[in-house]
Amino acid sequence: QVQLVESGGGLVQPGGSLRLSCVASGFTFSSYLMRWYRQAPGKERELVASISSTGGSTNFANSVKGRFTISRDNAKSTVYLQMNSLKPEDTAVYYCNAARASTKSNYWGQGTQVTVSS
């Protein structure tokens, strides 16, 4: 019943932009912390960005600060990741994650591939 469906991934040239979307269903989206993770080949999954339930607080990995923006629309149960000035090092599978500590809930999307290459 719980679903997180990512979209917007693809192939982009260095310096380009991409916008990822994650649509949630099956739970109370507005009560959850939303996060974007990524995993490059042969590397550990890393936290890219997070946004509080109301959207009032955001955090970013140092590697993407100033280039990426996370936002959410609770009315649409959707979280976004705007990626600008993309670098080859950003190439990875990007995953949407929903978490709620009070209920020990943690949900994951299936991932979407982002490839930055010329």
Side-chain angles (χ1 to χ4, degrees):
Q1 193 65 45
V2 170
Q3 276 197 308
L4 294 174
V5 182
E6 300 104 329
S7 63
L11 175 64
V12 65
Q13 294 185 350
S17 297
L18 215 54
R19 188 195 193 212
L20 306 184
S21 298
C22 173
V23 180
S25 61
F27 64 99
T28 306
F29 180 80
S30 60
S31 298
Y32 283 70
L33 169 75
M34 297 301 298
R35 299 183 288 211
W36 286 97
Y37 285 80
R38 68 185 181 187
Q39 187 166 27
K43 296 188 176 182
E44 294 184 329
R45 187 171 298 187
E46 67 170 333
L47 177 63
V48 176
S50 63
I51 185 167
S52 60
S53 60
T54 63
S57 180
T58 60
N59 285 281
F60 300 91
N62 288 333
S63 59
V64 306
K65 283 182 179 177
R67 300 188 298 120
F68 289 14
T69 301
I70 188 171
S71 61
R72 68 192 294 162
D73 186 340
N74 284 347
K76 295 181 178 180
S77 295
T78 303
V79 63
Y80 307 92
L81 185 67
Q82 178 66 47
M83 305 184 293
N84 300 323
S85 302
L86 283 162
K87 306 174 180 180
E89 308 93 88
D90 296 318
T91 295
V93 176
Y94 284 70
Y95 298 91
C96 178
N97 169 261
R100 189 181 183 188
S102 62
T103 59
K104 295 184 175 63
S105 300
N106 197 271
Y107 307 125
W108 292 89
Q110 82 291 339
T112 185
Q113 177 71 48
V114 172
T115 302
V116 185
S117 177
S118 59

4.5 Å side-chain heavy-atom contact, Thr91 and Gln113: yes
By side-chain contact (heavy atoms from CB on, under 4.5 Å) - contacts of Ser71 (at least two apart): Tyr80
Check: Asn74 and Tyr32 side chains under 4.5 Å, non-hydrogen atoms: no
ILVMFWY cluster, Met34 and Phe68 together (side-chain gap under 4.5 Å): yes
Side chain to side chain, Pro14 and Pro88, heavy atoms closer than 4.5 Å: yes
Taking every non-hydrogen atom, the tightest pair across Arg35 and Ala99: NH2-CB, 3.6 Å
Non-hydrogen atoms of Val114 and Met83 that approach each other most closely: CG2-CE, 3.9 Å
Nearest atoms (heavy-atom pairs only) where Ser31 meets Ser53: C-CB, 4.1 Å
Point-to-point distance, once rounded to the nearest 0.5 Å, from OG1 of Thr112 to CD of Gln110: 7.0 Å
same_hphob_cluster(Trp36, Leu18) at 4.5 Å side-chain heavy-atom cutoff: yes
Non-hydrogen atoms of Thr78 and Lys76 that approach each other most closely: OG1-O, 2.8 Å
Shared hydrophobic cluster, Val64 / Ile70 (ILVMFWY, side-chain heavy atoms < 4.5 Å): yes
Among Val93, Leu81, Asp90, the one residue meeting side-chain contact (heavy atoms from CB on, under 4.5 Å) with Arg38: Asp90
Student check: side-chain heavy atoms of Ser50 and Leu33 closer than 4.5 Å: yes
Verdict with reasoning, Cys96 to Trp108, per side-chain contact (heavy atoms from CB on, under 4.5 Å): CA-CA 6 Å; Cys96 178; Trp108 292 89; over 6 Å; no
Minimum-distance pair of heavy atoms, taken over all atoms of Val2 and Gly26: CG2-O, 3.7 Å
Residues forming a salt bridge (charged side-chain N to carboxylate O under 4.0 Å, His left out) with Glu89, sequence neighbours excluded: none
Where Tyr95 and Gly111 come nearest, the two heavy atoms and their spacing: CD2-CA, 3.6 Å
Working for side-chain contact (heavy atoms from CB on, under 4.5 Å), residues Ser17 and Val12: CA-CA 7 Å; Ser17 297; Val12 65; over 6 Å; no
Mutual orientation of the aromatic rings belonging to Tyr107 and Phe27 [parallel < 30°, tilted 30-60°, perpendicular > 60°]: tilted
Ring-face cation of Arg72 near Phe29 (centre distance under 6.0 Å, axis angle within 45°): yes
Gap separating the CD atom of Glu44 from the CD atom of Gln39, nearest 0.5 angstrom: 8.5 Å
Beyond-backbone contact of Leu20 with Glu6, side-chain heavy atoms, under 4.5 angstrom: no
Test item: Thr69 side-chain N/O and Gln82 main-chain N/O as donor-acceptor pair under 3.5 Å: no
Heavy atoms from other residues, nucleotides or ligands near CD of Gln3 exceed 12 (cutoff 6.0 Å): no
Contact check, side chains of Phe60 and Ile51, non-hydrogen atoms, under 4.5 Å: no
